[in-house]
There are 2 protein chains.
Amino acid sequence: MAKKDCPIENTLKLINGKWKSVIIYQISKYAPCRFSELQKLIPDCSKRMLALQLKDLEEASIIQKRVYSTVPPKTEYSLTEVGKSLVPVIKSINQWGKKYTKK
Amino acid sequence: MAKKDCPIENTLKLINGKWKSVIIYQISKYAPCRFSELQKLIPDCSKRMLALQLKDLEEASIIQKRVYSTVPPKTEYSLTEVGKSLVPVIKSINQWGKKYTKK
DNA sequence: TTTATTTACTTACTAATAGTAACTTAAAAA
DNA sequence: TTTTTAAGTTACTATTAGTAAGTAAATAAA
């Protein structure tokens, strides 16, 4: 497999990191989703990490963000079409995890 | 989702890191597979990283290792049943990558 | 007989990534 | 006047990943 041509590596770059797929999964379930909602849904992920990963996902066109210029501010995240196409992949990860991983 | 109960997080812990799923995929295709073969199959992954990830995968019972006490040494890696059950998940990642990621 | 080769690592070190805690902003409520 | 609130950012530390060189012990080549 030539450099940078591995679809698995390329995909993992998008959904790793290491919260991205959990974020995508939660947005797919609860979109439109506010920043603070995601914090509650994924308590293990710090504020800073959540912000960074959301930015990465937005740049990769997997999610889109809507900002309301109110005070205090309000943002809403939802999946793009590309993001939606990832959901079955993440669901298969979720299914496997349910079956094979114990706490 | 309570701490450490997220199946996606638990699964990613096993298949991330960031070469593990590529390693599993290659072993699934070419098992039994030697260390040096894996190096050729995954040139982006350094020797050290390959060794560390293989050790992790072995500890997680996803792969098994057979060592021949020859000189120079020879090792062979193959998937366990748990490892084999992961292959469809990794294939779905691979499929998605083929469709949605360009170099 | 000394030197080179080979495989599957390990060790020491540096670079990149993740995590923690405190700070910011500006309006509205107490 | 002080507090609260949402959605971050900043500065700093800890954990992971990556690079390069070293190790072992038996052949093979010079």
Side-chain angles (χ1 to χ4, degrees), chain A residues 1 3-4 6 8-24 26-27 30-60 63-78, chain B residues 1 3-4 6 8-24 26-27 30-60 63-78:
Chain A
M1 187 78 63
K3 291 223 168 197
K4 303 301 162 213
C6 174
I8 298 176
E9 285 179 45
N10 291 335
T11 304
L12 286 181
K13 240 172 271 161
L14 297 176
I15 68 170
N16 265 19
K18 63 191 204 190
W19 300 106
K20 292 195 181 76
S21 45
V22 182
I23 293 169
I24 295 166
Q26 297 295 350
I27 296 179
Y30 301 108
C33 225
R34 301 186 64 174
F35 188 90
S36 51
E37 286 182 80
L38 289 169
Q39 279 192 87
K40 276 167 219 153
L41 290 164
I42 317 164
D44 288 355
C45 179
S46 70
K47 244 169 124 80
R48 177 181 178 274
M49 276 299 113
L50 184 55
L52 287 175
Q53 309 278 28
L54 285 170
K55 200 190 286 174
D56 285 354
L57 289 170
E58 205 195 339
E59 278 167 14
I63 62 171
Q64 56 205 166
K65 179 183 183 178
R66 183 161 179 205
V67 181
Y68 297 84
S69 303
T70 55
V71 170
K74 175 178 173 176
T75 52
E76 278 181 355
Y77 294 93
S78 54
Chain B
M1 187 78 63
K3 291 223 169 197
K4 304 301 160 214
C6 174
I8 298 176
E9 284 179 47
N10 291 335
T11 304
L12 287 181
K13 241 173 269 163
L14 298 176
I15 67 171
N16 266 21
K18 62 193 205 189
W19 300 105
K20 291 194 180 77
S21 44
V22 182
I23 295 170
I24 296 167
Q26 297 296 352
I27 296 178
Y30 302 107
C33 223
R34 302 186 62 176
F35 188 90
S36 50
E37 286 181 78
L38 288 170
Q39 277 192 87
K40 276 167 219 150
L41 290 165
I42 317 165
D44 287 356
C45 180
S46 72
K47 247 168 125 79
R48 178 182 179 273
M49 277 299 113
L50 185 55
L52 288 176
Q53 310 278 25
L54 285 169
K55 199 188 288 173
D56 284 354
L57 288 170
E58 204 195 342
E59 278 167 15
I63 62 171
Q64 57 206 164
K65 179 182 181 177
R66 184 160 179 206
V67 181
Y68 298 83
S69 304
T70 54
V71 170
K74 175 177 172 175
T75 52
E76 278 180 355
Y77 294 93
S78 54

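Chain naming here is simple, since letters A, B, ... match the order of the sequence lines and numbering starts at 1 in each.
- The distance between atom CZ of A:R34 and atom P of D:dG8, rounded to the nearest whole Å, is 10 Å.
- The CD atom of B:Q26 sits 11.0 Å away from the SG atom of B:C45 when rounded to the nearest 0.5 Å.
- Note on A:T75: a side-chain N or O is less than 4.0 Å away from OP1 or OP2 of D:dA7.
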Requested in this report: Take B:C6 and A:D44 through the test side-chain contact (heavy atoms from CB on, under 4.5 Å) and record every step on the way to the result.
Outcome: CA-CA 10 Å; B:C6 174; A:D44 288 355; over 6 Å; no
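- A close approach under 4.0 Å does occur between a side-chain nitrogen or oxygen of A:K65 and OP1 or OP2 of D:dG8.
- Comparing B:K74 and A:S46 by the nucleotide of DNA chain C that holds the closest heavy atom to each, the one mapping nearer the 5' end is B:K74.
- Protein atom CG of A:L57 is 13 Å distant from nucleotide atom P of D:dG8, rounded to whole Å.
- Distances shorter than 4.0 Å separate none of the side-chain N or O atoms of A:Y77 from OP1 or OP2 on D:dA6.
- For the pair A:C45 and B:Q39, both in contact range of DNA chain C, the more 5′-proximal nearest nucleotide belongs to B:Q39.
- Within the structure, a side-chain polar atom (N or O) of A:S36 is placed less than 4.0 Å from OP1 or OP2 of D:dA7.
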Polar atom pairs between nucleotides 10-14 of chain C and protein, under 3.5 Å, N or O only, would you list them?
from	atom 1	to	atom 2	distance (Å)
C:dA12	N6	B:R48	NE	3.1

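- The CD1 atom of A:I24 sits 10.0 Å away from atom CD of A:Q53, with the distance rounded to the nearest 0.5 Å.
- Across the protein-nucleic acid pair, A:Q53 atom CD and D:dA7 atom P stand 18 Å apart, rounded to whole Å.
- Residues B:P73 and B:R34 share a closest heavy-atom pair of O-NH2, 3.6 Å.
- Comparing C:dT7, D:dT5, D:dG18 by their closest approach to the side chain of B:M49 singles out D:dG18.
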Requested in this report: Give the intermediate values and the outcome of side-chain contact (heavy atoms from CB on, under 4.5 Å) for residues B:L54 and B:F35.
Outcome: CA-CA 9 Å; B:L54 285 169; B:F35 188 90; 3.7 Å; yes
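- In this entry the distance linking CG of A:L38 with C1' of D:dG8 reads 13 Å, nearest Å.
- The NZ-P distance, from B:K13 to D:dT15, rounds to 16 Å in whole Å.
- Rounded to an integer number of Å, the gap from B:K40 NZ to C:dT6 P is 11 Å.
- In this structure, B:W19 reaches the D:dG18 phosphate: one of its side-chain N or O atoms is under 4.0 Å from OP1 or OP2.
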Requested in this report: Dump the intermediate steps for side-chain contact (heavy atoms from CB on, under 4.5 Å) on A:Y30 and A:L38, then the final yes or no.
Outcome: CA-CA 9 Å; A:Y30 301 108; A:L38 289 169; over 6 Å; no
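- A straight line from CG of A:L50 to P of D:dG8 spans 8 Å, rounded to a whole angstrom.
- Computed from coordinates, the A:L54 CG to D:dA6 P distance equals 16 Å when rounded to whole Å.
- Nearest nucleotide to the side chain of B:V71, out of C:dA8, C:dG19, D:dA26: D:dA26.
- Using a 4.0 Å cut-off, no side-chain N or O of B:T70 falls inside it from OP1 or OP2 of D:dA26.
- Between A:L52 and A:D56, every side-chain heavy-atom pair lies at or beyond the 4.5 Å cut-off.
- A pairwise comparison of heavy atoms in B:I27 and B:S78 identifies CG2-CA, 3.7 Å as the closest pair.
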